[in-house]
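Just so it is clear, the values below take in all heavy atoms, side chains as well, and ignore hydrogens, waters and symmetry mates. We're numbering straight along the sequence, starting at 1.
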Amino acid sequence: MESQNKEVDALVQKITGLHAAISKLPSLSPGPDVNALFTDLVTACVPASPVDVTKLGPEAQKMREGLIRLCSEAEGKLEAHYSDMLAAFDNPLDHLGMFPYYSNYINLSKLEYELLARYVPGGIAPARVAFIGSGPLPFSSFVLAARHLPDTVFDNYDLCGAANERASKLFRADTDVGARMSFHTADVADLAGELGAYDVVFLAALVGMAAEEKAKVIAHLGAHMADGAALVVRSAHGARGFLYPIVDPEDIGRGGFEVLAVCHPDDDVVNSVIIARKSNDDVHADELQNGRGQHGRRTVPVVSPPCRFGEMVSEVTHKREDFAKAEVAF
């Protein structure tokens, strides 16, 4: 226990130092200093760690919340930067590998599809999918549409009109996936009847960054999604909680869903994945009234893929090289 405490203390000290350095940057747009600091941050956070970021003290919690917001801003700028770069090609979809983290999206989307296929009763063959928080580089929707769901229509929602405009340009030359993609500028809180049309809804990791914000979004989805529809929520685990918000499965249950599976990858896929299904409204209300939640009825399976830490460290090194090459090309 003492050795674990020392490991946690050392990690928090390192992350605090990186937060301080990132906070002093004049801009979070891609560049040598920004790329180096965020690569160091990811390298520090992805290995397995005994840290439970939800139990850190007030000062560390405040630092973590600020760091997640900085990560969100930097991620947005990075994606906008590469979206503009890709849009310069005649067919942008032929050059997606230029993005340093594209392989991560391939692996994450594959994992999400496999979890849906395995844990959603009756399998998964959605006619319509919504992705909430798609951003200027909607890689997840593209990978799912191109590799796993060839007949599915995707509606992508984002708060930022500029992000949607950038995203739509990437599909202008594609007559297959592009024909199945649409982009909508909207706040998830303003969506109601639309949500009932989807068989699966994906919730991006950075939609609702504070725990109470995330719980509110999930409850809103639970109030408007169709009974039996699947919800895919991206979360984080361990030290990766310094990069992305952690979602409590119980908040998903309280939002009107049955949690089917929780997966905490320990490779270069940074996000955890939670698979849930919209409960029947009458059944859910009866369970709440009688004090019986879904966690009292069954144990939620936690799926942990095998560790690939050696490959992961190599991957991070390659990402650093890719950043350098891309900056020269740009």
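Nearest heavy-atom pair across A145 and R180 is O-NH2, 3.1 Å. When all heavy atoms of L170 and P138 are compared, the pair lying nearest together is CD1-CD, 4.2 Å. Summarising the geometry of V143 relative to S109, their closest heavy-atom pair is CG1-CB, 3.6 Å, with the distance given to 0.1 Å. Listed here is the closest heavy atom pair of L111 and P265: CD2-CG, 3.6 Å. Across V259 and P249, no two heavy atoms sit closer than the pair CG2-O, 3.6 Å. Smallest separation of non-hydrogen atoms from H264 and V302: CD2-CG1, 3.9 Å.
Distance check: I274 CD1 to I252 CD1 gives 4.0 Å after rounding to the nearest 0.5 Å. Taking CZ of F142 as the reference point, atom CZ of F154 lies at 11.0 Å (rounded to 0.5 Å). From L86, atom CG reaches atom NE2 of H95 across 8.5 Å, with rounding to the nearest 0.5 Å. Between the CG atom of L144 and the OG1 atom of T152 there is a distance of 9.0 Å, given to the nearest 0.5 Å. Rounding to the nearest 0.5 Å gives a distance of 12.0 Å between CZ of R277 and CZ of F257. Atoms CG and CG, on L78 and L137 in that order, are 8.0 Å from each other to the nearest 0.5 Å.
For the pair K278 (side chain) and G222 (backbone), a donor-acceptor distance under 3.5 Å is present. Side chain of N107 to backbone of V269: no donor-acceptor contact under 3.5 angstrom is found. Here the side chain of Q13 pairs no donor or acceptor atom with the backbone of D9 at under 3.5 angstrom.
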*Worked check of side-chain contact (heavy atoms from CB on, under 4.5 Å) between L37 and L41*: CA-CA 6 Å; L37 282 171; L41 178 63; over 6 Å; no

*Evaluate the side-chain contact (heavy atoms from CB on, under 4.5 Å) criterion for residues T185 and C160: first the C-alpha distance (whole Å), next the side-chain angles of each, then the deciding distance (0.1 Å), finally the verdict.*
CA-CA 6 Å; T185 302; C160 179; over 6 Å; no

_Check against side-chain contact (heavy atoms from CB on, under 4.5 Å), V129 and V201_ = CA-CA 6 Å; V129 164; V201 174; over 6 Å; no

*asked:* Test ring pair (Phe, Tyr, Trp, His ring centres under 6.0 Å) on F131 and Y157; report intermediate values, then the result.
replied: CA-CA 6 Å; F131 197 100; Y157 293 92; over 10 Å; no

*List the steps, then state whether side chain to side chain donor-acceptor pair (under 3.5 Å) holds for S182 with H184.*
CA-CA 7 Å; S182 61; H184 312 273; 3.0 Å; yes

_Worked verdict on Y101 versus F139 for side-chain contact (heavy atoms from CB on, under 4.5 Å)_ = CA-CA 10 Å; Y101 296 104; F139 285 147; over 6 Å; no

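Under 4.0 Å is where a charged nitrogen must lie from a carboxylate oxygen, and between D251 and R254 at least one such pair does. K110 and E114 are joined by a salt bridge, as a carboxylate oxygen and a charged side-chain nitrogen come within less than 4.0 angstrom of each other.
Applying the side-chain hydrogen bond (donor to acceptor under 3.5 Å, both in side chains) test to pairs two or more places apart or on separate chains, those with a residue in residues 131-144 are S140-R234, S141-N156. Listed by first and then second residue, the side-chain hydrogen bond (donor to acceptor under 3.5 Å, both in side chains) pairs that reach into residues 44-67 are D52-T54, sequence neighbours excluded.
With hydrophobic clusters built from ILVMFWY side chains whose heavy atoms lie under 4.5 angstrom apart, L159 does not share a cluster with L195. Transitive grouping of hydrophobic side chains (ILVMFWY, heavy atoms separated by less than 4.5 Å) brings L96 and M85 into a common cluster. Residues V153 and V232 do not share a hydrophobic cluster, clusters being chains of Ile/Leu/Val/Met/Phe/Trp/Tyr side chains in contact below 4.5 Å.
A 4.5 Å side-chain heavy-atom check between Y244 and E75 finds at least one atom pair inside the cut-off. Within the 4.5 Å cutoff, side-chain heavy atoms of K214 are placed close to those of L203. Looking at V120 and L260, their side chains come closer than 4.5 Å, going by heavy atoms from C-beta outward. Side-chain atoms of V42 and F242, non-hydrogen and from C-beta on, never get closer than 4.5 Å to each other. Using a 4.5 Å cut-off on side-chain heavy atoms (C-beta onward), R240 and S272 make no contact. Put simply, the side chain of V270 does not reach to within 4.5 Å of the side chain of C45, judged on heavy atoms. Within the 4.5 Å cutoff, no side-chain heavy atoms of V34 are placed close to those of S27. Side-chain contact between L108 and N271 is present, with at least one heavy-atom pair separated by less than 4.5 Å.
Residues passing the salt bridge (Lys or Arg N to Asp or Glu O under 4.0 Å) test with E194, sequence neighbours excluded: none. Residues satisfying the salt bridge (Lys or Arg N to Asp or Glu O under 4.0 Å) criterion with D33, sequence neighbours excluded, are absent altogether. Partners of K169 according to the salt bridge (Lys or Arg N to Asp or Glu O under 4.0 Å) rule, which considers only residues two or more places apart in sequence or in another chain, do not exist here. Residues satisfying the salt bridge (Lys or Arg N to Asp or Glu O under 4.0 Å) test with R128, not counting sequence neighbours, are D155.
The 12-atom threshold is not exceeded at NE2 of H237, counting heavy atoms of other residues, nucleotides or ligands nearer than 6.0 Å. A 6.0 Å sphere centred on CG of D190 holds more than 12 heavy atoms belonging to other residues, nucleotides or ligands. The number of heavy atoms from other shown groups lying within 6.0 Å of CD (E165) does not exceed 12. The 12-atom threshold is exceeded at CZ of R172, counting heavy atoms of other residues, nucleotides or ligands nearer than 6.0 Å.
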